[in-house]
Engineer: 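I'd like to ask you about the structure that follows.
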Amino acid sequence: MKILVINAGSSSLKFQLLDMSDNESVLAKGICEKIGLKNGFVKYQNYKGYEKKFLVHLKNHEEAFSFVKNLFLDKKYGVIKHLEEIVAVGHRVVQGGEEFSKPTLINKHLISIVKKLTPIAPIHNPANLHMILACQAVFGEKFPQIAVFDTAFHSTLPPKAYIYSLPYEFYEKYGVRKYGYHGISHYYVSNECAKLLNKDIKDTKIITCHLGNGASISAIKGGKSMDTTMGFTPADGIIMGTRSGSLDPGIITFVCEKNNISMHDFNKIVNKNSGLLGVSGVSNDAREILKEASLGNKRAILAHDIFCYQVMKSIASYIAVLGGCDAIVFTGGIGENRFEYRNTICDSLSFMGIKIDKNLNKLTVDGKQAEISDGESSVKIFVIPTNEEIVIARETLSILKRIRV
Ligand code: ADP
């Protein structure tokens, strides 16, 4: 049972081919980056230990997919003999709105809704649609493709968490509400955390911190998302690589008038030129920021401080939302690797009895999973590398089994 998992971004395409009948093993995986640009490349590796970076100008997502498909079938680098060995494709789809609260078989209706939701996720949904259509072109229209939504996990949010304090008609007419994102990741790490706690997920209160280029934090009770920092769009919440996170709404008209720019331009600024990059003026990358900060760059230090401060504030408020907390989980590129950030964040929560083991924390990087709390800590702290692909593959398989009955 070979299942292909696709995660398309605006100029990237992550892929993983898994054999779900054989211990959920990964046959091949990789990423196409800078799609549309001359300096594009594809990183590819297979289960035989073969690893290569191809420098290739891929004009669009269709070309990228065709390149990947040929790699799968290649005599030297390939992992399958015929395309028919792949039984289904699972797609990460970012915005599914209120209609899709669980993984769904892709059909014309789903495609039209994902298209309709594009204004809320203008970077992600079009890329997801492109890839769905590219797969249809290769595998045929009747071939099972499944959408696993980033928003679905947060469909359990109570109205008091998802309704904005705007005229209620904006929600009714336009669907303006908190949707939340990174749901596949929050779902995966919270379930792994319950296993590590040796508890039924139904009996847990967990705060998951997905800290990458995009970053969000979720309060999860009994396996259900109760609140999350991202909102109507993925620009809301805490400071991110290039996204501002939450802002005073008054800033929008003020800056647009001062700089004589449109709302559209402002939206670009809050998504592309803000966050760690905007504050530090150095980079959106936490590695670069830390390097500059260690050299005494004041704005790099400030960007780092803001990041840790906002994560700390979110965790503390979510402990109140949950009425206590069994565990805090760190995941995502920063959460999994930047022990300095985890240190600062947890130290600032020490007044609650939250205590990190500095040594364990430092050792837990590069995809390692571990508990990093001190034995005396009031709340357990874990680093759990996320695995959105395995969730998508499992959900795809489960739907495939249902439709084949
Ligand atoms: P995305 O949200 O685009 O998936 P990632 O989860 O890959 O992003 O996170 C990117 C961030 O994680 C960057 O700020 C980067 O500095 C940091 N990061 C990723 N890998 C490492 C690593 N091995 N060591 C230190 N920092 C890392």
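Computation of the quantities below employed the complete heavy-atom set of this structure, encompassing side-chain atoms and omitting hydrogens, waters and symmetry-equivalent molecules.
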Engineer: Is there side-chain contact between V89 and I3, with at least one heavy-atom pair below 4.5 Å?
Structural biologist: no
Engineer: Hey, is the main chain of D366 close enough, under 3.5 Å, to the side chain of N337 for a donor-acceptor pair?
Structural biologist: yes
Engineer: If we count only N and O atoms by modelled type, under 3.5 Å, do the side chains of D227 and S225 hold a donor and an acceptor together?
Structural biologist: no
Engineer: Is there a side chain to side chain contact (heavy atoms under 4.5 Å, CB included) between L211 and V311 once you walk through the steps?
Structural biologist: CA-CA 9 Å; L211 310 177; V311 175; 4.1 Å; yes
Engineer: Under 6.0 Å between the ring centres of F54 and F67?
Structural biologist: yes
Engineer: Just wondering, do Y77 and F72 contact through their side chains at under 4.5 Å, heavy atoms?
Structural biologist: no
Engineer: Please determine whether a side-chain nitrogen of the Lys or Arg among D285 and R287 lies less than 4.0 Å from a carboxylate oxygen of the Asp or Glu.
Structural biologist: yes
Engineer: Evaluate the criterion side chain to side chain contact (heavy atoms under 4.5 Å, CB included) for residue pair I86 and F139; output intermediate values, then yes/no.
Structural biologist: CA-CA 9 Å; I86 301 174; F139 292 101; 4.2 Å; yes
Engineer: Could you pull out the closest heavy-atom pair between S190 and I206, with the gap in Å?
Structural biologist: O-CD1, 3.5 Å
Engineer: How many angstroms lie between CD1 in I217 and CD in Q310, if you round to the nearest 0.5 Å?
Structural biologist: 9.0 Å
Engineer: Main chain of I269, side chain of S274: is a donor-acceptor contact present, judged purely on distance under 3.5 Å?
Structural biologist: yes
Engineer: Over all heavy atoms of both residues, which pair between A316 and M352 is shortest? Give the atoms and the distance, please.
Structural biologist: CB-CE, 3.9 Å
Engineer: Can you see which heavy atom on C256 is nearest to which on S262, and at what distance?
Structural biologist: SG-O, 3.8 Å
Engineer: So, S246 and D236: side-chain donor and acceptor under 3.5 Å apart, yes or no?
Structural biologist: yes
Engineer: Ignoring hydrogens and geometry beyond distance, is a side-chain donor-acceptor pair present between S185 and T386 at under 3.5 Å?
Structural biologist: yes
Engineer: Using a cut-off of 6.0 Å, state whether more than 12 heavy atoms not belonging to Y187 lie near its atom OH.
Structural biologist: no
Engineer: Is a donor from one side chain sitting under 3.5 angstrom from an acceptor on the other, for E336 and T331?
Structural biologist: yes
Engineer: Walk me through whether Y179 and F232 qualify under side chain to side chain contact (heavy atoms under 4.5 Å, CB included).
Structural biologist: CA-CA 5 Å; Y179 289 101; F232 179 59; 3.7 Å; yes
Engineer: Start with the C-alpha distance between V270 and N267, add both sets of side-chain angles, then the distance that settles side chain to side chain contact (heavy atoms under 4.5 Å, CB included), and finish with yes or no.
Structural biologist: CA-CA 5 Å; V270 295; N267 196 38; 3.9 Å; yes
Engineer: I'd like to know if the side chain of S218 pairs up with that of T228 as donor and acceptor (distance under 3.5 Å, no hydrogens or angles considered).
Structural biologist: yes
Engineer: I'd like to know if K358 and D347 make a salt bridge, using a cut-off of under 4.0 Å between side-chain N and carboxylate O.
Structural biologist: yes
Engineer: Quick check, are the ring centers of Y341 and H304 under 6.0 angstrom apart?
Structural biologist: yes
Engineer: Ignoring hydrogens, what is the shortest heavy-atom contact between T242 and K272? Give both atom names and the distance.
Structural biologist: CB-O, 3.3 Å
Engineer: First locate atom CD1 of I381, then atom OG1 of T364, and finally report the distance between them rounded to the nearest 0.5 Å.
Structural biologist: 11.0 Å
Engineer: So, do L400 and R402 sit near enough that their side-chain heavy atoms are less than 4.5 Å apart?
Structural biologist: no
Engineer: Taking all non-hydrogen atoms of both residues into account, name the closest pair between Y318 and T229 and its distance.
Structural biologist: OH-N, 3.3 Å
Engineer: Are side-chain heavy atoms of I354 and S378 found at a separation under 4.5 Å?
Structural biologist: yes
Engineer: Count the heavy atoms of every other residue, nucleotide or ligand shown that sit under 6.0 Å from OH of Y50, and state whether that count exceeds 12.
Structural biologist: yes
Engineer: Quick check against the 3.5 Å criterion: does S373 have a side-chain atom that pairs as donor or acceptor with the backbone of K380?
Structural biologist: no
Engineer: Do the side chain of N60 and the main chain of E62 share a donor and acceptor less than 3.5 angstrom apart?
Structural biologist: yes
Engineer: Taking side chain as C-beta onward, heavy atoms only, is C32 less than 4.5 Å from F15?
Structural biologist: yes
Engineer: Can you measure from CG (L196) to OG1 (T204) and round to the nearest 0.5 angstrom?
Structural biologist: 11.5 Å
Engineer: Can you tell me how far the OH atom of Y171 sits from the CG atom of L166, to the nearest 0.5 Å?
Structural biologist: 13.5 Å
Engineer: Would one find more than 12 heavy atoms of other residues, nucleotides or ligands at under 6.0 Å from atom NZ of K368?
Structural biologist: yes
Engineer: Counting only heavy atoms not in K116 (residues, nucleotides, ligands), do more than 12 fall under 6.0 Å from its NZ?
Structural biologist: no
Engineer: Calculate, to the nearest 0.5 Å, the distance between atoms CD and OH belonging to E169 and Y174 respectively.
Structural biologist: 7.0 Å
Engineer: Does the side chain of Y44 come within less than 4.5 Å of K52's, by heavy atoms?
Structural biologist: no
Engineer: Walk me through it: do R177 and E98 pass the test salt bridge (Lys or Arg N to Asp or Glu O under 4.0 Å)?
Structural biologist: CA-CA 10 Å; R177 54 159 285 177; E98 285 192 317; 2.7 Å; yes
Engineer: Going by atom types only, do H186 and S216 share a side-chain donor-acceptor pair under 3.5 Å?
Structural biologist: yes
Engineer: Counting only N and O atoms by type, is there a donor-acceptor contact under 3.5 Å from the side chain of D374 to the main-chain atoms of K355?
Structural biologist: no
Engineer: Would you be so kind as to tabulate the donor-acceptor pairs closer than 3.5 Å made by side chains of residues 123-135, with sequence neighbours excluded?
Structural biologist:
{"unit_1": "N125", "atom_1": "OD1", "unit_2": "Q95", "atom_2": "N", "d": "3.1"}
{"unit_1": "N125", "atom_1": "ND2", "unit_2": "Q95", "atom_2": "O", "d": "3.2"}
{"unit_1": "N125", "atom_1": "ND2", "unit_2": "V114", "atom_2": "O", "d": "3.0"}
{"unit_1": "N128", "atom_1": "OD1", "unit_2": "V94", "atom_2": "N", "d": "3.0"}
{"unit_1": "N128", "atom_1": "ND2", "unit_2": "A8", "atom_2": "O", "d": "3.1"}
{"unit_1": "N128", "atom_1": "ND2", "unit_2": "R92", "atom_2": "O", "d": "3.3"}
{"unit_1": "H130", "atom_1": "ND1", "unit_2": "P126", "atom_2": "O", "d": "3.2"}

Engineer: Between R394 and E24, does any side-chain N to carboxylate O distance fall below 4.0 Å?
Structural biologist: yes
Engineer: Could you check whether any side-chain N or O of S112 sits under 3.5 Å from a backbone N or O of H109, counting only pairs where one atom can act as donor and the other as acceptor?
Structural biologist: yes
Engineer: Specify the closest pair of heavy atoms between I80 and L83, including all atoms of both residues, with the distance to one decimal.
Structural biologist: CD1-CA, 4.2 Å
Engineer: Do side-chain atoms of N107 reach the backbone of L110 as a donor and acceptor pair under 3.5 angstrom?
Structural biologist: yes
Engineer: In the structure I gave you, are the side-chain heavy atoms of I163 and Y168 within less than 4.5 Å of one another anywhere?
Structural biologist: yes
Engineer: Surrounding CG of N260 (heavy atoms of other residues, nucleotides or ligands, distance under 6.0 Å), is the total greater than 12?
Structural biologist: no
Engineer: Does the S350 side chain pair with the main chain of G353, one donor and one acceptor, at a distance under 3.5 Å?
Structural biologist: no
Engineer: Does Q369 reach the main-chain N or O of I384 with its side chain, forming a donor-acceptor pair under 3.5 Å?
Structural biologist: no
Engineer: Using 0.5 Å steps for rounding, measure from the NE2 atom of H61 to the CD1 atom of I6.
Structural biologist: 9.5 Å
Engineer: Is any side-chain heavy atom of L349 less than 4.5 Å from a side-chain heavy atom of C346?
Structural biologist: no
Engineer: Where the side chain of K102 meets the backbone of A152, is there a donor-acceptor pair that is under 3.5 Å apart?
Structural biologist: no
